[in-house]
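Working notes, structure below.
Chain identifiers are assigned alphabetically (A, B, ...) following the order of the sequence lines, protein sequences preceding nucleic acid strands; residue numbering begins at 1 within each chain.
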Amino acid sequence: MSDGSSFYITTPIFYVNDVPHIGHAYTEVAADVLARWHRQAGDDAWLLTGTDEHGQKILRTATANGVTPKEWADRLVETAWKPLLQIVDIKNDDFIRTTDERHEVNAQKFLQHLYDAGHIYTGEYEGFYCVGCEEYKQPSDLIDGTGEFAGQQVCAIHSIPVELLHEKNYFFRMSTFADQLLALYEENPDFVQPAAARNEVISFVKQGLSDLSISRSSFDWGIKVPWDDSHVVYVWFDALLNYITAAGYGHDDEKFSRLWPATHIVGKDILRFHAVIWPAMLLAAGIEVPRRVFGHGWLLVGGEKMSKSKLTGIAPSQITDTFGSDAFRYYFMRAISFGQDGSFSWEDLSARYQSELANGFGNLASRVIAMVVRYCDGEIPTPTVFTEDDELIRATEKRATDAAGDAISRLAIHEAIAAIWELVDELNGYITSQEPWALAKDPADRARLEAVLFTAVRGLGTLAVLLSPVVPQATAKLWQALGGTGELTDQRIDRAWQWTGGTHVSPLEALFPRIEATVG
RNA sequence: GGGGCGGUAGCUCAGCUGGUUAGAGCAGCGGACUCAUAAUCCGUCGGUCCCGGGUUCAAGUCCCGGCCGCCCUACCA
């Protein structure tokens, strides 16, 4: 997995009008962990995230706030979305906004290309329009009217009848790609993951695809259709293109050929856009389809899907203010099988923080470094004779490194962390059974003491390298305390067992201090 | 209506193509130890594997029928 090959990974772009919650942060962290891992494996990793800023809703809220839509988006990007990345420590390589010129210009190129190739035609969109909402409603958004509107379909929000309107639209001939898509899913079983998501996508496409309305003329906040500036591009069509416009499509061929195709990490709610519409668009344009589309699960709070409307939405800062960004990252990556829904609770978060991060990993670092300081004046021993017990730790270091790497290649982040944690647990057991504090009492045991402490220190070094993508701040502190040379993030993760630390340790404050106050 | 997923110890979850006494972590309980963030280590308690049938020498694991929860069925992470 470490051949310097390209690993281009994306998150969905944030719809700027949303309020950031831990679901957004979860997606970001997952993609960031994968990107950091691949960077440390020597791959040409590139993490893209960004914002989706067009559409009628944004135009409306901007107007309501007395600013232009661009000003409104600027404000939200700076006050909500970029800070979110800081809060959970995302190391993205790029941040694209759909209002960037590089996006708008090249999205238009893409569209013109499809138009010239005959994949777009003029049609008529028919839909139910609510004058209260000033937008088209899906049939599922309508309810049966009551009172004077009994017998009619009314808007669920305004309880007034909707009007059946017709609008000239441009349509993408998506229907013609159903067979190609099915062949794609068949020939490349990993294209859509996990398997449950793949099954849903396949059964959906087997029902047949309709053409997709891709333009709107009832408002103008969007990318102009190049051959008809009375229309703007439908927001989803616009948004999906960010993955290629950011990668250089249409303006930087060298970059584009280096990065593309991407691995897309998305929430399962928007899987269809990425696994059906998006590849269809690319097939039409003659561009390679994505490498992989991975649909992760929902965060469940109290057994229910977290939702802003139900007030179960939790801001990431609520967690990081108390536990820190590392704990946020660790918790969601470890406690949830990536791809499945996962339940969040403050109790579980607190319990895992305490038992796994503070008592498990953090305390291991404290006890090892404290002993090297105390028994060896901080100098890391360089023993030459090792026992079978020491070799077992060595073997675990290698096994954890390989198993974690394998898990990451399958996007099984939780499995990777579980594999690494075997080393944490074994090291704690090893230290207890070797009793270095007892060895330190007798000068005759000096060589043995040094072998034990070196083994433990090297184990910590392996952990620092392996866990760096997940808990970058704590491991950076640990790396410094181990006297590691260079940046921790430059240490090869696929060779994490190789000791690349220093000659002296320095005292280490608690990596994950106990948190006394109950939260929630 | 159709389709998918899930229902396993108090909690969160593993259990691949059916095969010895159903596992892990956490919590609980008992003990050991002191290097460490009252931490670590060892031991231990704990399950009608949703219910009812069936196939089989053998089923948590396959089939049928129920019950419960969640999701998808064209534009919300």
Side-chain angles (χ1 to χ4, degrees), chain A residues 11-15 17-28 52 55 57 136 138-140 174 194-204 206-207 209-214 234-237 239 265-273 276-277 295-300 303-309 313 334-337 340-345 347-348 351-352 354-375 414-415 418 421 425 427-440 452-453 456 508-515:
Chain A
T11 71
I13 50 177
F14 305 117
Y15 188 67
N17 260 16
D18 282 348
V19 176
H21 56 65
I22 57 177
H24 298 106
Y26 175 61
T27 313
E28 292 291 324
D52 177 12
K57 284 183 191 167
Y136 283 99
Q138 294 303 308
S140 58
M174 189 163 72
R198 177 171 180 266
N199 292 339
E200 289 210 352
V201 167
I202 289 175
S203 64
F204 173 76
K206 278 187 174 167
Q207 292 167 32
L209 296 176
S210 306
D211 290 340
L212 188 71
S213 161
I214 59 160
Y234 166 54
V235 287
W236 262 107
F237 202 90
I265 304 295
V266 301
K268 65 182 182 183
D269 57 313
I270 54 170
L271 183 71
R272 184 170 313 134
F273 294 98
V276 180
I277 297 177
H296 70 243
W298 297 116
L299 301 184
L300 306 179
E304 289 191 1
K305 172 183 160 184
M306 189 179 54
S307 117
K308 43 211 169 199
S309 55
R334 171 68 192 264
I336 298 171
S337 262
Q340 300 200 288
D341 289 352
S343 40
F344 166 83
S345 73
E347 292 74 17
D348 192 37
R352 283 184 181 272
Q354 195 57 244
S355 69
E356 296 170 15
L357 290 176
N359 299 348
F361 179 45
N363 182 58
L364 172 66
S366 295
R367 64 195 303 212
V368 170
I369 286 176
M371 284 189 282
V372 175
V373 169
R374 189 147 144 186
Y375 304 141
H414 58 292
E415 280 185 42
W421 230 255
D425 292 335
L427 280 170
N428 270 320
Y430 169 82
I431 291 165
T432 301
S433 67
Q434 298 300 317
E435 301 184 307
W437 51 89
L439 297 172
V452 169
L453 289 184
L508 178 67
E509 61 187 275
L511 293 178
F512 299 97
R514 277 187 78 80
I515 292 169

How would you label the contact of A:Gly429 with the nucleic acid (heavy atoms, under 4.0 Å): base, sugar-phosphate, or nothing? sugar-phosphate
Tell me whether the rings of A:Phe273 and A:Trp236 are parallel (<30°), tilted (30 to 60°) or perpendicular (>60°). parallel
Do the side chains of A:Thr27 and A:Pro12 get nearer than 4.5 Å, heavy atoms only? yes
If you check the A:Ala351 side chain, which of B:C26, B:U34, B:U37 turns out closest? B:C26
Just checking A:Phe273: base, sugar-phosphate only, or nothing, at a heavy-atom cut-off of under 4.0 Å? sugar-phosphate
Both distances below 3.5 Å, Watson-Crick or wobble geometry, any strand: find the nucleotide opposite B:C62. B:G54
Integer angstrom distance from the C1' of B:G43 to that of B:U56: 40 Å
Both distances below 3.5 Å, Watson-Crick or wobble geometry, any strand: find the nucleotide opposite B:G28. B:U44
Where each residue is assigned the nucleotide of RNA chain B containing its nearest heavy atom, which of A:Trp236 and A:Tyr430 is assigned the position nearer the 5′ end? A:Tyr430
Taking the P atom of each, how far is B:U40 from B:G15, in whole Å? 27 Å
With a cut-off of 3.5 Å and sequence neighbours excluded, list every side-chain donor-acceptor pair involving residues 194-201 of chain A.
residue: A:Arg198; atom: NE; partner: A:Pro189; partner atom: O; Å: 3.4
residue: A:Arg198; atom: NH2; partner: A:Tyr185; partner atom: O; Å: 2.8
residue: A:Asn199; atom: ND2; partner: A:Ala195; partner atom: O; Å: 3.4

Which one, B:C76, B:A74, B:C41, comes nearest to the side chain of A:Asn428? B:C41
Could you check whether any side-chain heavy atom of A:Trp437 comes within less than 4.5 Å of a side-chain heavy atom of A:Ile431, counting everything from C-beta outward? yes
C1' atom, B:G54 versus B:A58: distance in rounded Å? 15 Å
Pick the C1' atom in B:U61 and in B:C50, then give their distance to the nearest Å. 16 Å
Answer with base, sugar-phosphate or nothing: what part of the nucleic acid does A:Ala510 contact at a heavy-atom distance below 4.0 Å? base
Whether A:Asp211 side chain and A:Met174 backbone form a donor-acceptor pair below 3.5 Å: yes
From the candidates B:C35, B:A74, B:U37, the one with an atom nearest any side-chain atom of A:Ser366 is B:U37
Interatomic distance where CG belongs to A:Asn359 and C1' belongs to B:U34 [whole Å]: 15 Å
How is A:Leu364 classified with respect to the nucleic acid when contacts are heavy atoms under 4.0 Å: base, sugar-phosphate, or nothing? nothing
If I pick the C1' atom on B:C45 and the same atom on B:C26, what distance separates them, to the nearest angstrom? 15 Å
Can you tell me how far P in B:C64 sits from the matching atom in B:C5, rounded to whole Å? 13 Å
Among B:A74, B:C76, B:U40, the nucleotide that comes nearest once only the side chain of A:Leu209 is considered: B:A74
Value in whole Å for how far the C1' atom of B:G25 lies from CD of A:Gln354: 15 Å
To the side chain of A:Tyr375, which of B:C35, B:U40, B:A74 is closest? B:C35
Using a 4.0 Å heavy-atom cut-off, does A:Arg514 contact any base of the nucleic acid, only the sugar-phosphate backbone, or nothing at all? base
Rounding to 0.5 Å, atoms CD1 (A:Ile515) and CG (A:Leu357) come to a distance of 9.5 Å
Contact class for A:Ile277 (heavy atom, under 4.0 Å): base, sugar-phosphate, or nothing? nothing
Which protein N or O atoms sit under 3.5 Å from an N or O of nucleotides 3-14 of chain B?
residue: B:U12; atom: O3'; partner: A:Ser343; partner atom: OG; Å: 3.2
residue: B:A14; atom: OP1; partner: A:Gln340; partner atom: OE1; Å: 2.8

Base, sugar-phosphate alone, or nothing: which one does A:Thr27 contact when heavy atoms must sit under 4.0 Å apart? sugar-phosphate
On a whole-Å scale, what distance lies between the P atoms belonging to B:C33 and B:G7? 43 Å
Does B:G1 pair with anything, Watson-Crick or G-U wobble, both distances under 3.5 Å, and if so, with which nucleotide? B:U73
Hey, which sits more toward the 5' end of RNA chain B by its nearest nucleotide, A:Asp211 or A:Ile265? A:Asp211
Do A:Phe204 and A:Leu209 have side chains that approach each other closer than 4.5 Å (heavy atoms only, starting at C-beta)? yes
Output a table of nitrogen or oxygen pairs between the protein and nucleotides 30-32 of chain B separated by less than 3.5 Å.
none

Rounded to whole Å, CD of A:Glu435 lies from C1' of B:U34 at a distance of 10 Å
Calculate the interatomic distance between A:Leu299 atom CG and B:C76 atom P; express it in whole Å. 19 Å
Whole angstrom is fine here: how far is it from CD1 in A:Ile202 over to P in B:G2? 22 Å
Which part of the nucleic acid, if any, lies within contact of A:Pro12, taking any heavy atom under 4.0 Å across all strands shown: a base, the sugar-phosphate backbone alone, or nothing? sugar-phosphate
Report the distance from atom CD1 of A:Ile265 to atom NE2 of A:His296, rounding to the nearest 0.5 Å. 8.5 Å
Taking the side chain as everything from C-beta on, heavy atoms only, tell me whether A:Gln354 gets closer than 4.5 Å to A:Asn359. yes
Counting just side-chain N and O atoms, does A:Arg272 come under 4.0 Å of either OP1 or OP2 of B:U73? yes
What's the gap between B:G46 and B:A24 when it is taken at their P atoms, as a whole Å value? 14 Å
With both distances under 3.5 Å as the test, what is the Watson-Crick or G-U wobble partner of B:G6? B:C68
Could you check if a side-chain atom of A:Leu299 sits within less than 4.5 angstrom of a side-chain atom of A:His21, using non-hydrogen atoms only? no
A:Trp421 CH2 - B:C26 P separation (whole Å): 12 Å
To the nearest 0.5 Å, what is the distance between CG (A:Leu364) and CG (A:Leu427)? 5.5 Å
What is the distance, to the nearest angstrom, from the CG atom on A:Leu271 to the C1' atom on B:C76? 14 Å
Value rounded to 0.5 Å, distance of CG in A:Asn363 from CG in A:Leu511: 10.0 Å
Beyond-backbone contact of A:Ile336 with A:Phe344, side-chain heavy atoms, under 4.5 angstrom: no
Tell me the interatomic distance from A:Arg334, atom CZ, to B:A24, atom C1', rounded to whole angstroms. 10 Å
Base, sugar-phosphate, or nothing: which does A:Tyr26 touch, judged by heavy atoms less than 4.0 Å apart? nothing
